[in-house]
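Data first, discussion second: the structure below is written as C-alpha cells.
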Amino acid sequence: MEQGVFGFFSHLMDKWQHHLSSMDSNDIIWLTIGLVGQSLFMMRFIVQWIHSERHQKSIIPVSFWYFSLSGGVIVLLYGIHRVDPVIILGQLPGTFVYARNLMLIRREHRDALAELTDDEIGS
C-alpha cells in the first residue's frame, strides 16, 4: 500500500514538474497569482476557526470578509486571465457578497460611533 501511495505522489510530482517546465514566464506569474489568491481565500477559514475557538462559539470576524474579498478577487482575475468560466462563475457572485458584508459592517461601526458621540453631546 505504501508503495502505491508513494508511486501515486511520485507520478503526480513528475506531472507537475513536466507541466511547470513547459510553461512560459507569463504563465508562471499567473499561476503564482492564482495560488496567492487561493491561499488568501483559504486563510479565511483558518481565521474564522481560530476566532471561534477563542470565543468558544461560532463567530465570523471582519478579517474573514477581507480575506474572502481579496482572495476571491485575485482568483477571479486569474479565472478571467485563463478565460475559465467555472472559476469566473464560481468567484464573481461571492465578491459582491463579501464587499456588501464589509459595507454593512462599516455602516454598523459608523452608526455605533455616531450614537456614542450623540450620547456624549447629550450628557
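- Among pairs with a residue in residues 62-83, those fulfilling ring-ring contact (aromatic ring centres under 6.0 Å, His included) read Trp30-His81, at least two apart in sequence or across chains.
- Not counting sequence neighbours, the partners of His55 by the ring pair (Phe, Tyr, Trp, His ring centres under 6.0 Å) test are His51.
- Residues forming a side chain to side chain contact (heavy atoms under 4.5 Å, CB included) with Phe9 (at least two apart in sequence, or on another chain): Val5, Leu12.
- Looking only at side-chain heavy atoms (C-beta outward), Leu69 and Leu102 come within less than 4.5 Å of each other.
- Under the 4.5 Å side-chain heavy-atom criterion for grouping Ile, Leu, Val, Met, Phe, Trp and Tyr, Ile80 is not connected to Leu31 through any hydrophobic cluster.
- Listed by chain and number, the hydrophobic cluster partners of Ile59 come to none, as no ILVMFWY side chain reaches under 4.5 Å of it.
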Distance-only check: which donor-acceptor pairs under 3.5 Å involve side-chain atoms of residues 104-112, not counting sequence neighbours?
none

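- Rounding to the nearest 0.5 angstrom, the gap separating the CZ atom in Phe45 from the CD1 atom in Ile50 is 14.0 Å.
- For Thr32, the side-chain hydrogen bond (donor to acceptor under 3.5 Å, both in side chains) test picks out no residue, with sequence neighbours left out.
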Step-by-step side-chain contact (heavy atoms from CB on, under 4.5 Å) determination, Leu40 to Ile74: CA-CA 9 Å; Leu40 288 171; Ile74 293 171; 3.7 Å; yes
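- In this structure, the separation between CD1 on Ile28 and CG on Leu20 is 6.5 Å, given to the nearest 0.5 Å.
- Residues Pro61 and Val47 approach most closely at CG-CG1, 3.8 Å, considering heavy atoms.
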Report all side-chain donor-acceptor pairs from residues 85-100 shorter than 3.5 Å, counting only partners two or more places apart or in another chain.
| unit_1 | atom_1 | unit_2 | atom_2 | d |
| --- | --- | --- | --- | --- |
| Thr95 | OG1 | Leu92 | O | 2.7 |

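- Shown here is Met103, whose CE atom has no more than 12 heavy atoms of other residues, nucleotides or ligands within 6.0 Å.
- In this structure Met42 satisfies the side chain to side chain contact (heavy atoms under 4.5 Å, CB included) test together with Ile46, sequence neighbours excluded.
- Residues forming a ring pair (Phe, Tyr, Trp, His ring centres under 6.0 Å) with Trp49 (at least two apart in sequence, or on another chain): none.
- For Ser58, the side chain to side chain contact (heavy atoms under 4.5 Å, CB included) partners two or more places apart in sequence, or in a different chain, are Gln48, Ser52.
- Identified under the side-chain hydrogen bond (donor to acceptor under 3.5 Å, both in side chains) test for residues 4-16, with sequence neighbours left out: none.
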